[in-house]
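Written out below as structure tokens is the structure these notes cover.
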There are 2 protein chains.
Amino acid sequence: MDPACAMAKGEMVRKPATLKDVAALANVSRATAARALNSYGYVGNETAQKVQAAAEKLGYRGNRLAQALRSGQLPIVGCILGDIQNPFFARIAHDIEVLARECGHNLVIGSSEEELGQEISLLASLQSLSIRGFIVAPTSADNNAHLKGLIAENVPLVLIDRVAEGIDCDSVVVDNEGGARKAVEYLIGMGHRRIGLLQDDMRIFTSRERMSGYRAALAAGGIAPDDRMVSVSQSTVEHAVDATIRLFSQKSPPTALFTVDSLMTQGALLAFRSMGISIPHDVSLIGFDDFNLATFTDPQITVVSQPVAEIGRAAARLLFDRLSGKCGKPQKLRFETKMIVRGSVSRRRDA
Amino acid sequence: MDPACAMAKGEMVRKPATLKDVAALANVSRATAARALNSYGYVGNETAQKVQAAAEKLGYRGNRLAQALRSGQLPIVGCILGDIQNPFFARIAHDIEVLARECGHNLVIGSSEEELGQEISLLASLQSLSIRGFIVAPTSADNNAHLKGLIAENVPLVLIDRVAEGIDCDSVVVDNEGGARKAVEYLIGMGHRRIGLLQDDMRIFTSRERMSGYRAALAAGGIAPDDRMVSVSQSTVEHAVDATIRLFSQKSPPTALFTVDSLMTQGALLAFRSMGISIPHDVSLIGFDDFNLATFTDPQITVVSQPVAEIGRAAARLLFDRLSGKCGKPQKLRFETKMIVRGSVSRRRDA
DNA sequence: AGACTGTGTGAGATCGATCTCACACATATT
DNA sequence: AATATGTGTGAGATCGATCTCACACAGTCT
């Protein structure tokens, strides 16, 4: 087919020049050409220049595939995140890409869409590319044989946003439990006792930790946990809308809501509007993860913010440290969160 | 270094099994093993099973690098966009990734950050990986020797969101000029005559087209273009804030503003708030490209929406059609835009 | 019996870059 | 003069998978 195409158009498919071509043009052997271009070993001055000129003329760029086959590694790092459409991950992906480029690497991005199966197959597919290392936000906190396999083969791995049980490697996370606890304690301090939680799938590490912060704060406040106050949803605006509506259609709905990520916070906002629930008058709202939108609404949304700008860079730096041969114990970074009080929480008197 | 690490920990670095290993375990030659695993040519029944078993046992996964070196192509497609953090591109990247995966390919993402130099070096670096094809949103409408080079080497290329002069290849864009014209005509119809334009760098194709739609509408409305009504900014929220402030700090500022993308629209919103300008009372606003936020504000923002969900998929489909050998003239898809009237534009009486 | 066809297998070349080794020639050292 | 050292170069092996070719043996046909 393809050749047929080319023939039909009468086109010459110009193949990229190889080292052999360069060597031939410069009248030297491949070995000498390689020496001249990579400047190692002994090469005569004139010879080197001849080779350079020939390479220039042919527009020679080394075939990284062939280089990689010998060296065993492609200058690519892989990155598997939950969903690039989540601004949190988009930011991280962007930062990783920038740092990778600085280190002369390209970035392959895969989206697990929070499906373990997808994460596994993506990883396998990238591994067969002899990719040098990975940054992964694992879908599941405990189902992680595939990650263990990576470690066993000594492939550098950095976990990001989430860690996985029994996986001993570099990681970058935030203090999810502490952040969630601060948020819920704040709500309790404002007089709320029926505090809703809009959370993600419990397989996900952050979801677990944030849930446990929520529970801890309730316990500290002397409030009994109540399953009717908890709604689970996938992390998309649409699903969060539904989950919020379910939560607030009960006979005695929460007076405050804590949402575990920014897409859910947005979903809750939309749901509240469609239900005619006003913030902070009828319901108080506080979300984990800050987002652009948070300051556009009226009132602005109070959030627990994460140092997004640092997470991706930190993970990338850890990865490239390993790639450049750094040994030593896995580093486990944990960033602090910060509560940003805006206007979406009000004091409750009647409770 | 690396071996030192391994030795220090006393670890065996288990190398992935090769075909040779499999062949040895199965007591056959590499050729036979290859035949058994890829099912071509003649292979005896027992032999095939022996090989399968051996492969299974060793956890053999072919080295795609080696395969690619022979075949000349890696099952990877590249994608160079302006900025993954722009939700428009994030959505596109996501859709391309999904389709690529369906087609058994991985996706390398690069961000040009709207720098021509970065686009060029990224492309070169990906090309040396023998990547099979590219989807690019070119930074510049006319500076495109690097894209010509791609075409000359017969590397499949699909332009997305933007086309480039003199580049004859598949492309997917929207009707920027028409969309912009509709928006501005709508403003004119609502009685506005001092209509501001907050636009991106003129190197960028969409910026040119939207600008020309803006001009066309003004002309049709009998309004003389006025440079003081136009402000240029990079496509980030922060830059757009500044540009908006400049535009509206004049003695006789616009009564309406048309912004050429969603990040700029958000920037304008922030700027208006900080300046105490109320929408739509003081100023009317209409933006190109819909965004989540648009329905969260009060009033909601009127926009010209693009069929984002289709653009990425369409581009990916074009690319994979080419990769599977489809010949024929380049297809140039152009999607229609749709104006979504919400509440950010008001009728102006005193004009 | 001799010439075929069909089936199954292995040896070796290939893709492109790199690296080890051997060799050649110069100059310097004893 | 004989040996060492330094400089420059090419032949060939290597990475791993694939593919062409040659060969071997079965069975079939004249």
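In what follows, chains carry the letters A, B, and so on, assigned in the order in which the sequence lines appear, proteins first and then strands, with residues in each chain numbered from 1.
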To the nearest angstrom, how far is [X] atom [atom1] from [N] atom [atom2]?
| X | N | atom1 | atom2 | value |
| --- | --- | --- | --- | --- |
| A:Q67 | C:dG16 | CD | P | 13 Å |
| A:E46 | D:dG8 | CD | C1' | 12 Å |
| A:L19 | D:dT14 | CG | P | 19 Å |
| B:L74 | C:dC15 | CG | C1' | 14 Å |
| B:Y42 | D:dT18 | OH | C1' | 19 Å |
| B:N63 | C:dC15 | CG | P | 18 Å |

Quiz item: Where the side chain of A:R322 meets the backbone of A:K326, is there a donor-acceptor pair that is under 3.5 Å apart?
Solution: yes

Quiz item: Can you tell me if B:S171 uses its side chain to pair, donor with acceptor, with the backbone of B:I160 under 3.5 Å?
Solution: no

Quiz item: Touch check for B:S71, heavy atoms < 4.0 angstrom, all strands: base, sugar-phosphate only, or nothing?
Solution: nothing

Quiz item: How is B:R30 classified with respect to the nucleic acid when contacts are heavy atoms under 4.0 Å: base, sugar-phosphate, or nothing?
Solution: base

Quiz item: Will you find, in the side chains of A:R203 and A:S140, an N or O donor that is under 3.5 Å from an N or O acceptor?
Solution: no

Quiz item: Which listed nucleotide (D:dG12, C:dT18, D:dG8) is nearest to the side chain of A:R70?
Solution: C:dT18

Self-check item: Nucleotide nearest A:A31 when distance is taken to its side chain, options D:dA11, C:dG10, D:dT18
Solution: D:dA11

Quiz prompt | Side-chain N or O of A:Y60 closer than 4.0 Å to phosphate OP1/OP2 of C:dA17 | solution = yes

Quiz item: Within the modelled atom types, does a donor on one side and an acceptor on the other bring the side chain of A:R35 and the base of D:dG10 under 3.5 Å apart?
Solution: yes

Quiz item: Given B:V77, which of B:L107, B:N106, B:L126 fulfils the side chain to side chain contact (heavy atoms under 4.5 Å, CB included) condition?
Solution: B:L107

